[in-house]
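Below is one structure, written out as structure tokens; comments come after it.
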2 protein chains.
Amino acid sequence: MQLEPQYKELLNNALELSGQRATKQREHIYALLLQKRNHPTAEEVYVRAKEDMPTISLATVYNCLEALAETKLIRQVNFEREPTRYCPNLTKHAHFYCRESGEIVDVDLSDKLLDELMKVLPAGFTAKHIEISYDGACNDCHD
Amino acid sequence: MQLEPQYKELLNNALELSGQRATKQREHIYALLLQKRNHPTAEEVYVRAKEDMPTISLATVYNCLEALAETKLIRQVNFEREPTRYCPNLTKHAHFYCRESGEIVDVDLSDKLLDELMKVLPAGFTAKHIEISYDGACNDCHD
DNA sequence: AGCTATAATTAGAATAATTCCAAATATAAT
DNA sequence: ATTATATTTGGAATTATTCTAATTATAGCT
């Protein structure tokens with residue numbers, strides 16, 4: 001698995017900007033998140049990472065995911081008490097979790113809608129983030 | 001702590017409807033959630049529950065919270081990897097989490113806004129729930 | 001290129017929240 | 001009252017994640 005030059009550039013800049021170093025492990029993990037965007041858990045990332053980098057440890061996977069989240073190149077996605085999942089989609093979006101198939105799908109959100117969501121906050125409240133999670137049945141799981 | 005008659009009625013009906021039995025512990029825990037609506041964790045509920053019911057166990061607290069969530073009289077609230085919190089507010093609302101004070105505030109949501117959120121789903125997707133969580137600084141925590 | 005300070009990786013231990021288990025008890029229907 | 005079944009209980013087990021301390025890698029400097 002190879003990280004395309006423009007993404008390598010993006011990663012190196014982002015790491016530098018957040019005061020962190022570039023490492024093979026971080027690059028590898030970023031590459032595999034980009035390559036298969038199925039919102040894997042840390043454990044799943046670990047399994048995939050070991051294919052090409054057998055000596056990587058689970059602790060490093062956690063460290064790298066944390067480092068990447070710090071750069072804002074990826075984000076953490078949580079559904080109730082389930083293990084955290086990781087998503088390299090940089091656009092503004094929510095997540096739809098299909099309880100049937102377990103699939104997680106990105107749902108694009110317009111600035112207008114996000115703006116409306118900000119406007120319903122009580123006076124004096126300012127939100128840095130909004131997390132929106134749907135759960136139900138996806139396209140494939142309807143009768 | 002006493003559960004007001006109308007809430008006791010509500011609880012008993014809801015439990016029966018979901019095929020569960022009425023117990024002192026469930027009643028007690030429902031009462032204390034209603035009495036102080038500060039989105040406590042299971043551990044916090046446990047501490048409060050023991051004041052009036054010293055023999056209650058943590059496992060029972062979890063069981064009761066689960067049972068109440070099943071009736072839909074309370075709901076679980078999750079913020080990232082933090083412990084689950086419990087909320088007896090039955091209206092449609094989101095949660096605002098102030099990272100500074102740790103306070104969690106309910107934010108009412110109009111049917112119209114929820115409707116718009118449903119409309120942005122891809123064709124063929126139907127959501128049973130939407131969870132919306134803000135995080136930032138609350139009224140008291142601004143400079 | 002080599003040296004050095006500091007950051008990152010590693011394996012394994014530790015932790016925190018939650019769930020499981022099996023015995024004792026309580027509930028509700030007869 | 002009796003009985004079937006659900007619930008409670010305390011402790012053990014589990015799961016995801018974080019911590020720790022030793023080793024290794026990175027990047028800036030000469």
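Below, chains carry the letters A, B, ... as their sequence lines are ordered, and counting in each starts from 1.
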Exercise. Quick one: on DNA chain C, does A:A59 or A:R81 contact a more 5' nucleotide (nearest heavy atom)?
Worked result: A:A59

Problem set entry | Interatomic distance, B:E44 CD vs C:dT18 P [rounded to whole Å] | 11 Å

For this session: Please tell me which of A:A42 and B:A22 maps to the more 5' nucleotide of DNA chain D, matching each residue to the nucleotide holding its nearest heavy atom.
Result: B:A22

Exercise. Rounded to whole angstrom units, what separation is found between the OH atom of A:Y46 and the P atom of C:dT9?
Worked result: 14 Å

Exercise. Does the side chain of B:S57 get closer than 4.0 angstrom to OP1 or OP2 of D:dT8 through an N or O atom?
Worked result: no

Exercise. Would you call the rings of A:F79 and A:Y97 parallel, tilted or perpendicular, where under 30° means parallel and over 60° means perpendicular?
Worked result: tilted

For this session: Determine whether the side chains of B:N89 and B:R37 contain a donor N or O and an acceptor N or O closer than 3.5 Å.
Result: no

Exercise. If only atom types and distance count, is the side chain of B:Q20 paired as donor or acceptor with the main-chain N or O of B:A67 below 3.5 Å?
Worked result: yes

Problem set entry | Rounded distance (Å) that lies between atom P of C:dT6 and atom CD of A:Q20 | 18 Å

For this session: Rounded off to whole Å, could you give me the CD-to-P distance for the B:E16 and C:dA29 pair?
Result: 7 Å

Exercise. Using a cut-off of less than 4.0 Å, is there contact between a side-chain N or O of A:K24 and OP1 or OP2 of C:dT9?
Worked result: no

Exercise. Among D:dT9, C:dT18, D:dT5, which nucleotide sits nearest the side chain of B:I56?
Worked result: D:dT9

Seminar exercise, completed: Here the distance between atom P of D:dT15 and atom OH of A:Y62, to the nearest Å, is 13 Å

Exercise. Does A:A49 offer a backbone N or O that forms a donor-acceptor pair with the side chain of A:H28 under 3.5 Å?
Worked result: yes

Seminar exercise, completed: Taken to the nearest whole Å, CG/A:N12 to P/D:dT26 is 12 Å

For this session: Side chain of A:R21 only, please: which of C:dT9, D:dT8, C:dA5 is the nearest?
Result: C:dA5

Exercise. Atom NE2 of A:H28 and atom C1' of D:dA25: how far apart are they, to the nearest Å?
Worked result: 17 Å

Seminar exercise, completed: The answer to which of B:T84 and A:C64 contacts DNA chain C further toward the 5' end, by nearest nucleotide, is A:C64

Exercise. Is a side-chain N or O of A:R48 found less than 3.5 angstrom from the main chain of A:L32, in a donor-acceptor match?
Worked result: yes

Problem set entry | Phosphate OP1/OP2 of D:dA25: any A:Q25 side-chain N/O under 4.0 Å | no

Seminar exercise, completed: Regarding the side chain of A:T23, the nearest nucleotide among D:dT17, D:dT9, D:dT26 is D:dT26

Exercise. Between B:G19 and A:L58, which is nearer to the 5' end of DNA chain D once each is assigned its nearest nucleotide?
Worked result: B:G19

Exercise. Could you give the CZ-to-P distance, from B:R26 to D:dT7, as a whole number of Å?
Worked result: 4 Å

